[in-house]
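Right, one structure below, let's go through it.
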Amino acid sequence: MIDCKNLDQNGLESFAESLDQPAFRGRQIMSWLYRPEINDFSQMTDLAKSFRILLPQHAFISNFSQPITEISSDGSIKFVFTLADGQVIESVNIPEVDRNTLCISSQVGCAMGCKFCQTGSLGFKRNLTPAEMVNQVCSVRDFLESQPDEQRFGPTAITNLVYMGMGEPLNNMENLLTAISILTNQKGLDMASRRITVSTCGIVSNMRELGEKTNVNLAISLHAVDNDTRDKLMPINRRYPIEQLLQACRDYPIQKRKRIMIEYIMLDGINDSDREARRLASLLRTIPCKINLLAYNECDGIPFRPSPNKRILAFQEVLRKAHYSIFIRSSRGSDIAAACGQLAGKISQKNSDI
Ligand code: SF4
């Protein structure tokens, strides 16, 4: 049985043809699938009745069941989804006055083992399907639309999407590309590519393909300016050291006026000195980029501390003087373990206690 949400428009056209239907029937299915409350082919009233009867013999429409939600004092909401095979993933919505940024997962767990990340400490379980990626968006969209105005911190709609939840998206390339195709299709979830960001810890081998096949934004988790430190923080650096990663950024087929987002987590005494800020400024000189300095959230069992605010401001100042666009991203949702690097820790702990 085929889950129709695993297919983008081309896939649905081929699927329709495989059932001796014209390709446009696939486009008709696409135009129904992502509307709220569609979970049955019988609701697709412009399909021929005989086709509506035939479809359930070959395919189904997946939807997530009601997620568990935890709401932070700052309005961030963590969504916990249990998948059909019992695995658990998380998404986080971060509201601001004029936007909702939804952070979604691309894998159950992660194989990359970054030392500051709780997801990394869980290990890798499996890749998410395209349907499991887009259903995070559908489910959060439906939740936000059902919220009463007085409980809402941001607008009703999801305005921005970031692949910064559980998993390394570029290690799940085929499914990622299908999901992006669905997310950006007018008949699908109709999101603008410029509102979608894919973040990678540095899977150099797949970066170019992302740039050639999509127009989404690229974010790089750099987090250190020398290979010794990065080797210790992010094991992927032994495979793709900083020089290779930055060369891949220079070679990235970026659109005019777009810039790569460089993510740099501020760890007390590890990577946050003025010397390291100057080194970062020098390393990035030939890359069209913006820099995000991320406040770190302490996690149980992980031996790093956040840099003091004064240090973060001093680090920022060095880069500002070097004429970089540089932003400090404060921690959101840390009281519900929804901040960067905290996803799935608590839930998996609960599961392993059962
Ligand atoms: S930071 Fe990202 S890539 Fe690294 S272990 Fe965590 S989820 Fe994986």
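Sequential numbering from 1 along the given sequence is applied to the chain's residues. All ligand and atom numbering here is 1-based and tracks the order in the structure.
Asn271 and Glu276 get closest at one heavy-atom pair: C-OE1, 3.2 Å.
Which of Ser221, Gly167, Gly120 comes nearest to atom 2 (Fe) of ligand 1 through a heavy atom is settled by distance: it is Gly167.
The pair Glu13-Arg27 counts as a salt bridge, with a side-chain nitrogen and a carboxylate oxygen less than 4.0 angstrom apart.
Coordination check, Cys117 versus atom 6 (Fe) of ligand 1: passed, since an N/O/S atom of the residue sits under 2.8 Å.
Think of Phe60 as one node in a network of Ile, Leu, Val, Met, Phe, Trp and Tyr side chains linked at under 4.5 Å; its network also takes in Met1.
In the hydrophobic clustering of ILVMFWY residues, with side-chain heavy atoms under 4.5 Å counting as a link, Val137 and Tyr34 come out together.
In summary, the atoms of ligand 1 found under 4.0 Å from a heavy atom of Met112, numbered by their order in the structure, are 3 (S), 8 (Fe). Interface of Gly113 with ligand 1, defined as ligand atoms under 4.0 Å from a residue heavy atom, comprises 5 (S).
Taking the six-membered ring where the residue is Trp, Phe81 and Phe64 present tilted rings, their angle falling between 30° and 60°.
Heavy atoms of Cys110 found under 4.0 angstrom from ligand 1 belong exclusively to the side chain.
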